[in-house]
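Just below is one structure, and these are the notes that go with it.
When reading the values below, keep in mind they use all heavy atoms of this one structure, side chains included, and skip hydrogens, waters and symmetry mates. This one's a predicted model, so the numbers in the text were calculated from it and none came from an experiment.
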Amino acid sequence: MKAIINGRIILPEGEVSGKALLFDEKIVGIVPENEVCDCCKKIDAKGAYVTPGLVDVHIHGYLGADTSDADMDGVRLMAKGILENGVTSFLPTTMTVDWDILETVFQQLRELKEESLKDEFVGAEILGCHAEGPFINPANKGAQAESAILAPDADKVLPYKDIINVITYAPEMEGGMEFTKKLKQFSDINLSIGHTKANFDCACKAIGLGINRVTHTFNAQTPLHHRDPGVVGAALTQDVYTELIADMFHVNRGIFTLMNNAKGNKMVLITDCTRAGGLADGEYTLGGQPIFVKGIECRLADGTIAGSVLKLNNAVKNYRDNASIPMWKAVRAASLNAAESAGVADRKGSLECGKDADVVIMDENCQVLKTFVRGVCKFEK
């Protein structure tokens, strides 16, 4: 058994010091440091934070790889790379590309999900998949390829209900409400509204039918207006999880406090990272379209925002610093809240006894020092 000592342990509702985190493959418990037995392997956190592993439920790519490439080695590369960002589990996220490509990706991710459970797999655990599209509104497609957009069709999705944890779609499209009801009835897929032109009433109706998430809030959806609050209004007022790309480009940092106050434990930090993540500025692709990266900005040739290069540990720092909240609350938005929004909080997202020992040691600036996946150290700075 291992024991992390001399750390500031982050819990769902606060942090504790002067105690040790005990774990093997699972979290065993938190005890006073003087009760750690000599048989434990002690790991000195040297005053750093001891946090649950971060859970990225919306990430397209990293280090040149993209989920929609249908390349298993690419997803393995992503899984390894994001360990450095404190991510211990994630949902590789597809784009709106041809359906036959998506089917290939879903089948590959079934294999990779099982592979990622092995101790020798050097990477974050693959929890399943987030399918962003292809059932979206062409009028708010953002950086998605219009040629690959399809009408909502639950029968296409249901054969993959075992691997799709989250699906983003536009419920206002013809057949969208029936799509919502059928997926809610016959699957446990978490339904997320996004790339949509739905008005407030339509969004609330869809939420009533089973939608429980909002994809990258404020982006590619109807904005808040006092006469029609839009999807943003529904996101802020209804009991749904709300994704936020906290790179301070997609959403102004001045909104972070509003999001924290309005959403609390329903706030979910994501990256929406593209294959350009972790690489230098330049030209890359997203969903088969060229994107241009400069600093924190990723755009199509016409200027449309196209994903991000955000790292999830940096999202935690940005959210903490600009919403003026304690570390535990910012970490929760990228761990337990995220896990809940993807239906995996029974074993992920917090340092609670019996959960997987996904643990991160990070410094005051949220830079990662060590990353453990199910008790195995898979990254050390």
Side-chain angles (χ1 to χ4, degrees), residues 53 55-62 65-80 82 87-118 121 123-136 144 148 150 152-169 179-180 182-195 210-213 215 241 243 268 270-273 275 287 338-349 356 358 373-374:
V55 184
D56 199 340
V57 294
H58 189 155
I59 175 172
H60 296 283
Y62 197 65
D66 189 296
T67 307
S68 296
D69 289 341
D71 176 4
M72 294 174 75
D73 283 339
V75 177
R76 293 184 184 105
L77 180 64
M78 288 171 57
K80 181 178 180 181
I82 59 179
V87 177
T88 55
S89 59
F90 73 116
L91 293 180
T93 303
T94 56
M95 293 284 290
T96 296
V97 296
D98 290 344
W99 184 254
D100 60 340
I101 296 175
L102 291 176
E103 288 190 304
T104 298
V105 172
F106 298 151
Q107 291 162 9
Q108 290 177 342
L109 290 177
R110 278 181 176 142
E111 294 183 41
L112 287 168
K113 180 179 178 180
E114 293 303 312
E115 181 182 322
S116 74
L117 291 172
K118 299 176 180 177
F121 182 83
E125 183 179 332
I126 295 164
L127 298 168
C129 177
H130 180 163
E132 188 180 10
F135 313 110
I136 59 175
Q144 308 270 2
L150 300 176
D153 185 347
D155 291 334
K156 282 184 174 293
V157 176
L158 287 171
Y160 303 102
K161 65 182 181 179
D162 62 313
I163 195 64
I164 299 175
N165 292 63
V166 176
I167 188 165
T168 293
Y169 65 102
F179 179 87
T180 304
K182 194 165 186 178
L183 289 187
K184 180 66 175 177
Q185 182 177 0
F186 294 108
S187 80
D188 293 322
I189 297 172
N190 294 278
L191 310 179
S192 198
I193 185 171
H195 290 279
I211 280 180
N212 67 341
R213 306 174 88 264
T215 297
Y241 291 95
E243 294 183 353
V268 176
I270 61 163
T271 61
D272 197 18
C273 192
R275 72 170 78 246
E340 289 173 345
S341 82
V344 295
D346 58 325
R347 60 191 184 91
K348 301 292 184 183
D356 290 348
D358 294 349
V373 180
R374 295 185 311 281

Pairs meeting criterion salt bridge (Lys or Arg N to Asp or Glu O under 4.0 Å) with involvement of residues 338-347, two or more places apart =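 Qualifying pairs: Glu125-Arg347, Arg347-Asp356.
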Does anything in residues 101-113 pair up under salt bridge (Lys or Arg N to Asp or Glu O under 4.0 Å), and if so which pairs, sequence neighbours excluded?
->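 Only Arg110-Asp162 qualify under salt bridge (Lys or Arg N to Asp or Glu O under 4.0 Å).
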Nearest 0.5 Å, please: how far is [atom2] in [Y] from [atom1] in [X]?
X	Y	atom1	atom2	value
Leu112	Ile126	CG	CD1	4.5 Å
Thr180	Ile193	OG1	CD1	8.5 Å
Leu127	Phe90	CG	CZ	8.5 Å
Leu91	Ser341	CG	OG	8.0 Å
Leu109	Met72	CG	CE	8.0 Å
Ile59	Arg275	CD1	CZ	12.5 Å

Going by side-chain hydrogen bond (donor to acceptor under 3.5 Å, both in side chains), name the residues that satisfy it together with [X], two or more places apart in sequence or in a different chain.
X	value
Thr93	none
Lys182	Asp155
Thr67	none
Thr168	His130, Thr215

Answer whether the closest heavy-atom distance between the side chains of [X] and [Y] falls below 4.5 Å.
X	Y	answer
Glu243	Asp272	no
Gln108	Val75	no
Glu114	Leu117	yes
Ser89	Val344	no

Apply the test side-chain contact (heavy atoms from CB on, under 4.5 Å) to residues Ile167 and Leu191: give CA-CA distance (whole Å), side-chain angles for both, the deciding distance (0.1 Å), then the verdict.
-> CA-CA 5 Å; Ile167 188 165; Leu191 310 179; 3.8 Å; yes
Nearest non-hydrogen partners of [X] and [Y], listed with the distance:
X	Y	result
Pro92	Gly128	CD-O, 3.2 Å
Leu183	Ala154	CD2-CB, 4.0 Å
Arg76	Phe121	CG-CE1, 4.2 Å
Val373	Gly123	CG2-O, 4.1 Å
Ala339	Gly349	CB-CA, 4.1 Å
Asn165	Ala342	ND2-O, 3.4 Å

Quick one: list whatever passes side-chain contact (heavy atoms from CB on, under 4.5 Å) with [X], sequence neighbours left out.
X	answer
Ala338	Val55, Val57, Val268
Asp100	Asp98
Pro152	Phe135, Met173, Phe179
Asn212	Asn190

Give a yes or no on whether the backbone of Met95 and the side-chain of Ser68 come within a donor-acceptor separation of less than 3.5 Å.
->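 Here the side-chain-to-backbone pair exists.
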For Tyr160, what residues pass the ring-ring contact (aromatic ring centres under 6.0 Å, His included) criterion, not counting sequence neighbours?
->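 Tyr160 satisfies ring-ring contact (aromatic ring centres under 6.0 Å, His included) with Phe106 once adjacent residues are dropped.
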Residues in salt bridge (Lys or Arg N to Asp or Glu O under 4.0 Å) with Asp358, at least two apart?
->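 If we apply the salt bridge (Lys or Arg N to Asp or Glu O under 4.0 Å) test to Asp358, skipping adjacent residues, the hits are Lys348.
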